[in-house]
Amino acid sequence: MEDQEEQQDNTSDQNHKPQDLPQVLLLKPPPVLSVIGEQSFLSKKYQLLKAWESPLPLLQFLIAHADSIQAILCSGSAPVTDDLLQLLPSVRLVVTASAGTNHIDLEACHRRGISVTNAGNVFSDDGADAAVGLLIDVLRKITASDRYVRQGLWVNKGDYPLGSKLRGKRVGIVGLGGIGLEIAKRLEAFGCNVLYNSRKKKAHLSYPFYADVRQLAANSDALIICCALTDQTRHMIDKDVFSALGKEGVIVNIGRGAIVDEKEMVRCLVHREIAGAGLDVFENEPDVPKELFELDNVVLSPHRAVFTPESFMALCELVVGNLEAFFSNTPLLSPVIDV
């Protein structure tokens, strides 16, 4: 009997023509789609509607499909604004292929009864690995000494200056979510003392908690930024925080560039008011302040901290899982807003 019901379900799915399926809007291809390919995102539950392939101007395209678009798959390069949602009255789900949601108007979604999902903890391991890697690189001068050797300076100028030990360092983590927790585990294994700042104290953790980021910086040898970008966290890492971190302090940012006052950070690095930085994110990507290119105490990465083939495959499964759950009226897998 169960086999017959399963066959009926499969036949029902096969009988659905693409034009009969609910439509999922993609304004631009998310990075994960470009790397893995569209085939992995296809489903019998929905149809992908790719705006960039249409000859119509975007506004005309959206108006033409306004009634049939029930979900949006987005990434940081394709913001979901209140104005966009106003054009698409049938949308009931926004799925982002990122951990961050700063490109989505969450208040507008909540007001309109639209559910939102993100990448959940898919990127936690890779983000933590990259953050600790950047910290080690800055402290031990790995990238800078690599350049020193490649440029033939070891022969001409002699030994390179010593790096700094990681063990025993007091490392303040700003944002103790999924990635932050994984960073803390890794740092403990390296013998570091972990401190943190978060929206609220985590009752189940013994790490020292600082409600004020400046106080966290004053008690830390390094800060790792991995919180979300919000109105409250924009430029949260400012002149006062850098001053509190001090001349021996290091900053690592794998969160979002605008969490840090980038101009002030550049000034502090140029004038050696902080010891160094490991940066995966920037305020106006892909533009990076040119002053950083000349500094041997700075390690730069092109916003790739959480991206690996393995994390992309896991993200693909999560995105498809969230979409199929929504169109099957079953619980979402990684809800940010669940209505």
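The chain is numbered in sequence order, starting from 1.
- In this structure, D280 contributes its side chain and H303 its backbone to a donor-acceptor pair below 3.5 Å.
- S220 and L245 get closest at one heavy-atom pair: O-CD1, 3.8 Å.
- Salt bridge K50/E38: present, at least one basic N to carboxylate O contact under 4.0 Å.
- Taking a 4.5 Å side-chain heavy-atom cut-off between Ile, Leu, Val, Met, Phe, Trp and Tyr, the cluster of V149 extends to Y148, L153, W154, Y160.
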Show me the donor-acceptor pairs within less than 3.5 Å that the side chains of residues 72-86 make with the rest of the protein, sequence neighbours left out.
from : atom 1 : to   : atom 2 : distance (Å)
S75  : OG     : S77  : OG     : 3.4
T81  : OG1    : L84  : N      : 3.1
D82  : OD1    : R111 : NH2    : 3.1
D82  : OD1    : R112 : NE     : 3.2
D82  : OD1    : R112 : NH2    : 2.6
D82  : OD2    : R111 : NH2    : 3.2

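- Both L333 and F123 are part of a single hydrophobic cluster, where members link through side-chain heavy atoms under 4.5 Å apart.
- Between D221 and K165 there is no salt bridge, since no side-chain N of the basic residue sits under 4.0 Å from a carboxylate O of the acidic one.
- In this structure, CG in L195 is found 12.0 Å from CZ in F209, a value given to the nearest 0.5 Å.
- Cluster membership for L315 and V95, using ILVMFWY side-chain heavy atoms within less than 4.5 angstrom, is shared.
- The minimum heavy-atom distance linking G255 with V281 is given by the pair O-CG1, 3.6 Å.
- Closest approach of H103 to G100, counting heavy atoms only: CE1-O, 3.2 Å.
- In this structure, D137 CG and T143 OG1 are separated by 3.0 Å, a value rounded to the nearest 0.5 Å.
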Show, in sequence, the C-alpha distance, side-chain angles and deciding distance for D67 and S90, and conclude whether the side-chain hydrogen bond (donor to acceptor under 3.5 Å, both in side chains) test is met. CA-CA 6 Å; D67 293 332; S90 297; 4.6 Å; no
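- In summary, D129 and R186 engage in a salt bridge, as defined by a charged side-chain N under 4.0 Å from a carboxylate O.
- Crowding of R140 atom CZ: a count of heavy atoms from other residues, nucleotides or ligands under 6.0 Å not exceeding 12.
- Of the possible donor and acceptor atoms, none in the side chain of S243 sits under 3.5 Å from a partner among the backbone N and O of K239.
- There is no side-chain donor-acceptor pair under 3.5 Å between N118 and T101.
- At distances below 3.5 Å, not a single donor-acceptor pair connects side-chain atoms of N329 with backbone N or O atoms of A325.
- Under the 4.5 Å side-chain heavy-atom criterion for grouping Ile, Leu, Val, Met, Phe, Trp and Tyr, L33 is connected to L93 within one hydrophobic cluster.
- Between the side chain of N322 and the main chain of S334, a donor-acceptor pair closer than 3.5 Å is present.
- Ionic pairing of R272 and D296 is present here: one or more N-O contacts between side-chain nitrogen and carboxylate oxygen are shorter than 4.0 angstrom.
- No donor-acceptor pair under 3.5 Å is formed between the side chain of N121 and the backbone N or O of S124.
- From D238, atom CG reaches atom CG of D240 across 5.0 Å, with rounding to the nearest 0.5 Å.
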Could you give me the CA-CA distance, side-chain angles and deciding distance for L269 and V298, then say whether side chain to side chain contact (heavy atoms under 4.5 Å, CB included) is met? CA-CA 8 Å; L269 286 165; V298 177; 3.9 Å; yes
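- Under 3.5 Å, the side chains of T96 and S98 contain a donor-acceptor pair of N or O atoms.
- The closest donor-acceptor contact from the side chain of S328 to the backbone of T330 lies at 3.5 Å or more, if one exists at all.
- Here the side chain of N197 pairs a donor or acceptor atom with the backbone of Y210 at under 3.5 angstrom.
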Which pairs would a plain distance check flag for residues 223-230, meaning a side-chain donor or acceptor within less than 3.5 Å of a matching protein atom at least two apart in sequence or in another chain?
from : atom 1 : to   : atom 2 : distance (Å)
T230 : OG1    : Q232 : N      : 3.2
T230 : OG1    : Q232 : OE1    : 3.4
T230 : OG1    : T233 : N      : 3.2
T230 : OG1    : T233 : OG1    : 3.4

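- With hydrogens and angles disregarded, a donor-acceptor distance shorter than 3.5 Å links the side chain of S68 to the backbone of H65.
- Checked against E283 for a side chain to side chain contact (heavy atoms under 4.5 Å, CB included), the options K263, E262, M265, R256 give a single hit: E262.
- Ion pairing between R267 and E273 holds under the 4.0 Å rule for side-chain N and carboxylate O.
- Taken to the nearest 0.5 Å, the CD atom of E264 stands 9.5 Å off from the CD1 atom of I274.
- Summarising the geometry, atom CD1 belonging to I69 is positioned 4.5 Å from atom CG belonging to L25; distances are rounded to the nearest 0.5 Å.
- Y207 pairs in a side-chain hydrogen bond (donor to acceptor under 3.5 Å, both in side chains) with only one of the listed residues (E188, K201, K202), which is E188.
- Taking each heavy atom of E291 and V266 in turn, the nearest pair found is CB-CG1, 3.8 Å.
- How far CD1 of I237 is from CG of N253: 8.0 Å, rounded to the nearest 0.5 Å.
- Side-chain contact check for K169 and S164: at least one donor-acceptor pair (N or O, by modelled atom type) lies under 3.5 Å.
- What you find for C316 and I36 is that their closest heavy atoms are CB-CD1, 4.0 Å.
- Pairing each heavy atom of V306 with each of I179, the nearest pair is CG1-CD1, 4.2 Å.
- With ring centers used as reference points, F312 lies under 6.0 Å from F307.
- Ring centers of F326 and Y46: at least 6.0 Å apart, outside the cut-off.
- Not a single donor-acceptor pair under 3.5 Å links the side chain of R234 to the backbone N or O of A258.
- Atom CD of E294 has 12 or fewer heavy atoms from other residues, nucleotides or ligands within 6.0 Å.
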